[in-house]
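Order of appearance sets the numbers: ligands from 1, and atoms from 1 within every ligand.
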Amino acid sequence: MIEIFEAIKESAKRIKTIIEMGDSSKSDSSNSTGDTQLKLDIASDLVIEEIFGKIPSVKQIVSEEKDEIFTINPDGKYLIAYDPLDGSSLVDVNLSVGTIYGIYENDFTGSNLKASAYIVYGPNVDLVFCDGKVSKLYRLRNNHFVFLKDIKLNPSGKFVATGSTQQCWYPHHKKMVDDMFESGYKLRYSGGMVPDLHQILVKGGGLFSYPGASDKPKGKLRQLFEVFPFALIFECAGGGAIDGQNRVLEAKTLHIHDTSPCFFGSVSELVYVTSAYNG
Ligand code: AHG
(Lines give C-alpha, C1' and ligand atoms only; values in the text may rest on other atoms or scores of the structure.)
Protein backbone atom coordinates (compact mmCIF):
# COMPACT_ATOMS: atom_id res chain seq x y z
CA MET A 1 0.00 0.00 0.00
CA ILE A 2 2.96 2.36 0.61
CA GLU A 3 3.93 2.28 -3.06
CA ILE A 4 0.34 3.12 -4.00
CA PHE A 5 0.36 6.09 -1.62
CA GLU A 6 3.65 7.25 -3.19
CA ALA A 7 2.14 6.88 -6.68
CA ILE A 8 -0.88 8.96 -5.64
CA LYS A 9 1.45 11.72 -4.40
CA GLU A 10 3.55 11.65 -7.57
CA SER A 11 0.42 11.75 -9.78
CA ALA A 12 -0.92 14.73 -7.81
CA LYS A 13 2.24 16.75 -8.43
CA ARG A 14 2.19 15.96 -12.14
CA ILE A 15 -1.54 16.75 -12.52
CA LYS A 16 -1.03 20.04 -10.65
CA THR A 17 1.54 20.96 -13.33
CA ILE A 18 -0.85 19.97 -16.12
CA ILE A 19 -3.57 22.22 -14.65
CA GLU A 20 -1.10 25.09 -14.29
CA MET A 21 -0.19 24.85 -17.97
CA GLY A 22 -3.65 26.30 -18.54
CA ASP A 23 -5.03 24.48 -21.58
CA SER A 24 -8.69 23.94 -20.64
CA SER A 25 -9.81 23.40 -24.24
CA LYS A 26 -11.96 20.52 -25.46
CA SER A 27 -10.51 17.46 -27.15
CA ASP A 28 -12.12 15.68 -30.11
CA SER A 29 -13.15 12.69 -28.00
CA SER A 30 -15.81 11.82 -25.45
CA ASN A 31 -15.77 9.39 -22.53
CA SER A 32 -17.89 6.29 -22.08
CA THR A 33 -20.86 8.26 -20.77
CA GLY A 34 -20.76 10.68 -23.67
CA ASP A 35 -19.18 13.71 -21.94
CA THR A 36 -16.79 15.63 -24.17
CA GLN A 37 -13.33 15.18 -22.71
CA LEU A 38 -11.08 18.15 -22.08
CA LYS A 39 -7.41 17.83 -23.00
CA LEU A 40 -6.81 18.12 -19.25
CA ASP A 41 -8.92 15.00 -18.59
CA ILE A 42 -6.96 12.99 -21.12
CA ALA A 43 -3.54 14.22 -19.97
CA SER A 44 -4.37 13.54 -16.29
CA ASP A 45 -5.67 10.08 -17.16
CA LEU A 46 -2.45 9.24 -19.01
CA VAL A 47 -0.27 10.38 -16.09
CA ILE A 48 -2.07 8.05 -13.68
CA GLU A 49 -2.02 5.18 -16.16
CA GLU A 50 1.74 5.62 -16.66
CA ILE A 51 2.56 5.85 -12.94
CA PHE A 52 0.31 3.03 -11.75
CA GLY A 53 1.31 0.85 -14.70
CA LYS A 54 4.74 0.43 -13.08
CA ILE A 55 3.58 -0.80 -9.67
CA PRO A 56 3.93 -4.57 -9.18
CA SER A 57 1.17 -4.80 -6.56
CA VAL A 58 -1.41 -3.30 -8.91
CA LYS A 59 -3.44 -5.93 -10.70
CA GLN A 60 -5.92 -3.79 -12.62
CA ILE A 61 -6.81 -0.15 -13.21
CA VAL A 62 -10.01 1.43 -14.44
CA SER A 63 -10.55 5.10 -15.14
CA GLU A 64 -13.74 7.14 -15.11
CA GLU A 65 -12.61 8.29 -18.55
CA LYS A 66 -12.54 4.77 -20.00
CA ASP A 67 -15.03 1.95 -20.48
CA GLU A 68 -12.69 -0.99 -19.91
CA ILE A 69 -10.66 -2.45 -17.07
CA PHE A 70 -6.93 -2.78 -17.87
CA THR A 71 -4.87 -5.59 -16.41
CA ILE A 72 -1.38 -4.49 -15.34
CA ASN A 73 -0.06 -7.50 -13.38
CA PRO A 74 -2.21 -10.66 -13.22
CA ASP A 75 -0.53 -11.53 -9.88
CA GLY A 76 -1.02 -8.09 -8.34
CA LYS A 77 -3.16 -7.58 -5.26
CA TYR A 78 -4.87 -4.22 -5.74
CA LEU A 79 -7.47 -2.93 -8.18
CA ILE A 80 -7.43 0.84 -8.68
CA ALA A 81 -10.45 2.86 -9.84
CA TYR A 82 -9.82 6.55 -10.39
CA ASP A 83 -11.39 9.76 -11.62
CA PRO A 84 -8.37 11.66 -12.96
CA LEU A 85 -9.88 15.15 -12.93
CA ASP A 86 -13.32 15.41 -11.41
CA GLY A 87 -15.12 18.67 -12.19
CA SER A 88 -12.61 19.54 -14.93
CA SER A 89 -15.05 22.00 -16.51
CA LEU A 90 -14.46 24.20 -13.43
CA VAL A 91 -10.82 24.78 -14.35
CA ASP A 92 -12.00 27.34 -16.88
CA VAL A 93 -13.65 29.43 -14.17
CA ASN A 94 -10.77 28.94 -11.75
CA LEU A 95 -12.65 26.85 -9.16
CA SER A 96 -11.08 23.89 -7.42
CA VAL A 97 -11.04 20.44 -9.01
CA GLY A 98 -9.86 17.04 -7.84
CA THR A 99 -8.62 13.51 -8.42
CA ILE A 100 -10.25 10.53 -6.66
CA TYR A 101 -8.93 7.00 -6.09
CA GLY A 102 -10.56 3.80 -4.84
CA ILE A 103 -8.22 0.93 -3.94
CA TYR A 104 -10.03 -2.41 -4.07
CA GLU A 105 -9.13 -6.07 -3.57
CA ASN A 106 -10.62 -9.08 -5.41
CA ASP A 107 -13.25 -7.11 -7.31
CA PHE A 108 -14.55 -3.60 -7.85
CA THR A 109 -17.31 -3.59 -5.22
CA GLY A 110 -17.99 -1.31 -2.27
CA SER A 111 -17.51 -4.13 0.22
CA ASN A 112 -14.02 -4.78 -1.19
CA LEU A 113 -12.84 -1.18 -1.01
CA LYS A 114 -9.73 -1.24 1.19
CA ALA A 115 -8.43 2.32 0.94
CA SER A 116 -9.20 5.54 -0.86
CA ALA A 117 -7.80 8.97 -1.53
CA TYR A 118 -8.55 12.29 -3.13
CA ILE A 119 -6.58 15.37 -4.06
CA VAL A 120 -7.96 18.92 -4.23
CA TYR A 121 -6.20 21.35 -6.56
CA GLY A 122 -7.08 24.80 -5.22
CA PRO A 123 -5.15 27.62 -3.57
CA ASN A 124 -3.34 24.68 -1.91
CA VAL A 125 -2.99 21.11 -3.08
CA ASP A 126 -4.49 18.92 -0.35
CA LEU A 127 -4.46 15.15 -0.23
CA VAL A 128 -6.67 12.95 1.93
CA PHE A 129 -5.69 9.30 2.26
CA CYS A 130 -7.80 6.73 4.09
CA ASP A 131 -6.35 3.30 4.86
CA GLY A 132 -9.74 1.93 5.91
CA LYS A 133 -9.21 3.08 9.49
CA VAL A 134 -8.26 6.77 9.57
CA SER A 135 -8.71 9.62 7.07
CA LYS A 136 -5.53 11.69 7.05
CA LEU A 137 -5.07 15.17 5.59
CA TYR A 138 -1.81 16.21 3.91
CA ARG A 139 -0.88 19.51 2.20
CA LEU A 140 1.71 20.09 -0.53
CA ARG A 141 4.52 22.28 0.77
CA ASN A 142 7.78 22.76 -1.16
CA ASN A 143 6.89 19.84 -3.40
CA HIS A 144 6.34 17.44 -0.45
CA PHE A 145 3.09 16.34 1.13
CA VAL A 146 3.18 17.27 4.81
CA PHE A 147 0.79 15.61 7.28
CA LEU A 148 -1.65 18.13 8.81
CA LYS A 149 -4.18 16.15 10.84
CA ASP A 150 -6.53 13.22 11.13
CA ILE A 151 -9.96 14.26 9.89
CA LYS A 152 -12.67 13.91 12.54
CA LEU A 153 -16.21 15.08 11.92
CA ASN A 154 -18.23 16.74 14.66
CA PRO A 155 -21.61 15.17 15.45
CA SER A 156 -23.21 17.93 13.35
CA GLY A 157 -22.14 20.64 10.92
CA LYS A 158 -23.41 23.83 9.30
CA PHE A 159 -23.41 23.25 5.56
CA VAL A 160 -25.68 21.67 2.97
CA ALA A 161 -24.49 20.92 -0.57
CA THR A 162 -26.99 19.22 -2.82
CA GLY A 163 -26.71 18.40 -6.50
CA SER A 164 -29.04 17.98 -9.48
CA THR A 165 -31.74 20.59 -10.07
CA GLN A 166 -34.72 21.47 -7.90
CA GLN A 167 -36.95 20.97 -10.94
CA CYS A 168 -36.13 17.25 -10.78
CA TRP A 169 -35.85 16.72 -7.01
CA TYR A 170 -38.42 14.41 -5.46
CA PRO A 171 -40.74 16.20 -2.97
CA HIS A 172 -39.26 14.40 0.05
CA HIS A 173 -35.77 15.56 -0.94
CA LYS A 174 -36.92 19.15 -1.37
CA LYS A 175 -38.67 19.02 2.01
CA MET A 176 -35.51 17.69 3.67
CA VAL A 177 -33.38 20.50 2.21
CA ASP A 178 -36.00 23.13 3.15
CA ASP A 179 -36.15 21.76 6.71
CA MET A 180 -32.36 21.96 6.98
CA PHE A 181 -32.30 25.58 5.79
CA GLU A 182 -35.04 26.41 8.26
CA SER A 183 -32.88 24.90 10.99
CA GLY A 184 -30.02 27.26 10.12
CA TYR A 185 -27.89 25.27 7.65
CA LYS A 186 -26.08 27.30 4.97
CA LEU A 187 -25.83 26.42 1.28
CA ARG A 188 -22.39 25.51 -0.09
CA TYR A 189 -22.19 24.07 -3.61
CA SER A 190 -19.46 24.70 -6.20
CA GLY A 191 -20.39 21.95 -8.66
CA GLY A 192 -17.22 19.99 -7.91
CA MET A 193 -17.76 17.12 -5.51
CA VAL A 194 -14.14 17.04 -4.39
CA PRO A 195 -13.94 20.62 -3.04
CA ASP A 196 -17.55 20.46 -1.81
CA LEU A 197 -16.91 17.29 0.19
CA HIS A 198 -13.47 18.51 1.29
CA GLN A 199 -15.09 21.60 2.80
CA ILE A 200 -17.50 19.48 4.84
CA LEU A 201 -14.70 17.15 5.99
CA VAL A 202 -12.22 19.87 6.93
CA LYS A 203 -14.79 22.19 8.55
CA GLY A 204 -16.05 19.28 10.63
CA GLY A 205 -19.49 18.39 9.26
CA GLY A 206 -22.50 19.03 7.07
CA LEU A 207 -24.33 17.18 4.33
CA PHE A 208 -23.38 16.64 0.68
CA SER A 209 -25.89 14.83 -1.47
CA TYR A 210 -26.40 13.90 -5.06
CA PRO A 211 -29.87 12.37 -4.85
CA GLY A 212 -31.84 10.21 -7.20
CA ALA A 213 -34.11 12.61 -9.11
CA SER A 214 -36.83 12.40 -11.76
CA ASP A 215 -34.29 12.77 -14.61
CA LYS A 216 -31.69 10.47 -12.99
CA PRO A 217 -33.32 8.05 -10.52
CA LYS A 218 -29.93 6.54 -9.66
CA GLY A 219 -28.19 9.90 -9.32
CA LYS A 220 -25.20 11.07 -11.32
CA LEU A 221 -22.12 10.16 -9.33
CA ARG A 222 -20.34 6.94 -10.14
CA GLN A 223 -19.94 4.30 -7.48
CA LEU A 224 -16.41 3.07 -8.15
CA PHE A 225 -14.71 6.37 -8.90
CA GLU A 226 -16.63 8.87 -6.79
CA VAL A 227 -19.18 7.50 -4.33
CA PHE A 228 -17.39 4.53 -2.71
CA PRO A 229 -14.02 6.27 -2.17
CA PHE A 230 -15.66 9.20 -0.37
CA ALA A 231 -17.94 6.85 1.57
CA LEU A 232 -14.92 5.16 3.15
CA ILE A 233 -13.32 8.52 3.97
CA PHE A 234 -16.52 9.75 5.66
CA GLU A 235 -17.00 6.55 7.63
CA CYS A 236 -13.40 6.63 8.86
CA ALA A 237 -13.81 10.30 9.82
CA GLY A 238 -16.70 9.43 12.14
CA GLY A 239 -19.52 10.28 9.72
CA GLY A 240 -21.29 8.13 7.20
CA ALA A 241 -22.44 7.66 3.63
CA ILE A 242 -25.83 6.25 2.68
CA ASP A 243 -27.94 5.88 -0.45
CA GLY A 244 -30.96 7.33 1.36
CA GLN A 245 -31.48 4.45 3.75
CA ASN A 246 -28.63 1.95 3.51
CA ARG A 247 -24.84 2.14 3.76
CA VAL A 248 -23.76 3.02 0.25
CA LEU A 249 -20.68 0.76 0.49
CA GLU A 250 -23.11 -2.18 0.52
CA ALA A 251 -24.72 -1.14 -2.78
CA LYS A 252 -24.45 -3.67 -5.62
CA THR A 253 -22.32 -2.85 -8.66
CA LEU A 254 -23.23 -4.51 -11.95
CA HIS A 255 -21.23 -2.29 -14.28
CA ILE A 256 -18.09 -0.21 -13.73
CA HIS A 257 -19.95 3.02 -14.53
CA ASP A 258 -22.95 2.36 -12.27
CA THR A 259 -24.15 5.38 -10.33
CA SER A 260 -25.85 5.61 -6.96
CA PRO A 261 -27.79 8.25 -5.06
CA CYS A 262 -25.46 9.36 -2.27
CA PHE A 263 -25.55 11.32 0.97
CA PHE A 264 -22.33 12.01 2.87
CA GLY A 265 -22.39 13.66 6.24
CA SER A 266 -21.90 13.75 9.92
CA VAL A 267 -24.21 11.81 12.21
CA SER A 268 -26.90 14.48 12.76
CA GLU A 269 -27.21 15.30 9.07
CA LEU A 270 -27.71 11.65 8.15
CA VAL A 271 -30.67 11.55 10.55
CA TYR A 272 -32.35 14.19 8.35
CA VAL A 273 -31.77 11.92 5.36
CA THR A 274 -33.03 8.69 6.88
CA SER A 275 -36.13 10.47 8.22
CA ALA A 276 -36.87 12.04 4.83
CA TYR A 277 -36.20 8.86 2.86
CA ASN A 278 -37.86 6.40 5.23
CA GLY A 279 -40.65 4.92 3.18
P1 AHG B 1 -17.94 16.52 -14.20
O2 AHG B 1 -16.79 15.65 -13.81
O3 AHG B 1 -18.66 16.03 -15.40
O4 AHG B 1 -17.59 17.97 -14.27
O5 AHG B 1 -19.05 16.36 -13.06
C6 AHG B 1 -18.75 16.81 -11.80
C7 AHG B 1 -19.64 16.07 -10.86
C8 AHG B 1 -19.33 16.33 -9.41
O9 AHG B 1 -18.03 16.73 -9.17
C10 AHG B 1 -20.34 17.35 -8.97
O11 AHG B 1 -20.67 17.23 -7.64
C12 AHG B 1 -21.50 17.06 -9.88
O13 AHG B 1 -20.97 16.51 -11.06
C14 AHG B 1 -22.29 18.30 -10.19
O15 AHG B 1 -23.41 17.96 -10.94
P16 AHG B 1 -24.69 18.93 -11.06
O17 AHG B 1 -24.21 20.12 -11.82
O18 AHG B 1 -25.69 18.12 -11.80
O19 AHG B 1 -25.15 19.30 -9.67
Revision key, fill the gap. Here the atoms of ligand 1 under 4.0 Å from any heavy atom belonging to Ser164 are 18 (O), 19 (O)
Review point. Looking only at side chains, do Tyr210 and Glu226 share a donor and an acceptor under 3.5 Å apart?
Key: no
Review point. Is Glu226 close to ligand 1, meaning an N/O of one under 3.5 Å from an N/O of the other?
Key: no
Exercise for review: Please work out which of the three classes, parallel, tilted or perpendicular, describes the rings of Phe234 and Phe264, given edges at 30° and 60°.
Suggested key: tilted
**Study point:** Any side-chain donor near an acceptor of the partner, His198 and Ser96, under 3.5 Å
**Key:** no
Check your understanding: Of all the atoms in ligand 1, which lie at a distance below 4.0 Å from a heavy atom belonging to Phe208?
Key -> 11 (O)
Study note, to complete from the structure: If you scan protein heavy atoms around atom 14 (C) of ligand 1, the nearest is Tyr189 OH, 3.2 Å
Review point. Any side-chain donor-acceptor pair under 3.5 Å between Ser11 and Tyr82?
Key: no
Check your understanding: Nearest protein heavy atom to atom 10 (C) of ligand 1, by residue and atom, and its distance?
Key -> Gly191 O, 3.3 Å
Practice item. Give yes or no for whether the N/O distance cutoff of 3.5 Å, strictly under, is met between Tyr210 and ligand 1. Key: yes
Review point. Is there any N or O on Met193 that sits under 3.5 Å from an N or O of ligand 1?
Key: yes
Point to revise | Glu20 and Thr17: side chain donor to acceptor below 3.5 Å | key: no
Revision key, fill the gap. Taking only non-hydrogen atoms of Asp86 and a 4.0 Å limit, the atoms of ligand 1 in range are 2 (O), 8 (C), 9 (O)
Exercise for review: Working to the nearest 0.5 Å, report the span between CE of Met1 and CG of Asp131.
Suggested key: 8.0 Å
Revision key, fill the gap. Rounded to the nearest 0.5 Å, the CD atom of Gln223 sits from the OG1 atom of Thr253 at a distance of 3.5 Å
Revision key, fill the gap. protein heavy-atom neighbour closest to atom 15 (O) of ligand 1 works out as Lys220 NZ, 3.1 Å
Review point. What atoms in ligand 1 come closer than 4.0 Å to a heavy atom of Gly87?
Key: 1 (P), 2 (O), 4 (O)
Exercise for review: Check whether Ile48 and Ile42 end up in the same hydrophobic cluster, where Ile, Leu, Val, Met, Phe, Trp and Tyr are linked by side-chain heavy atoms less than 4.5 Å apart.
Suggested key: no
Exercise for review: Just jot down the ligand 1 atoms closer than 4.0 angstrom to any heavy atom of Gly163, in number order.
Suggested key: 19 (O)
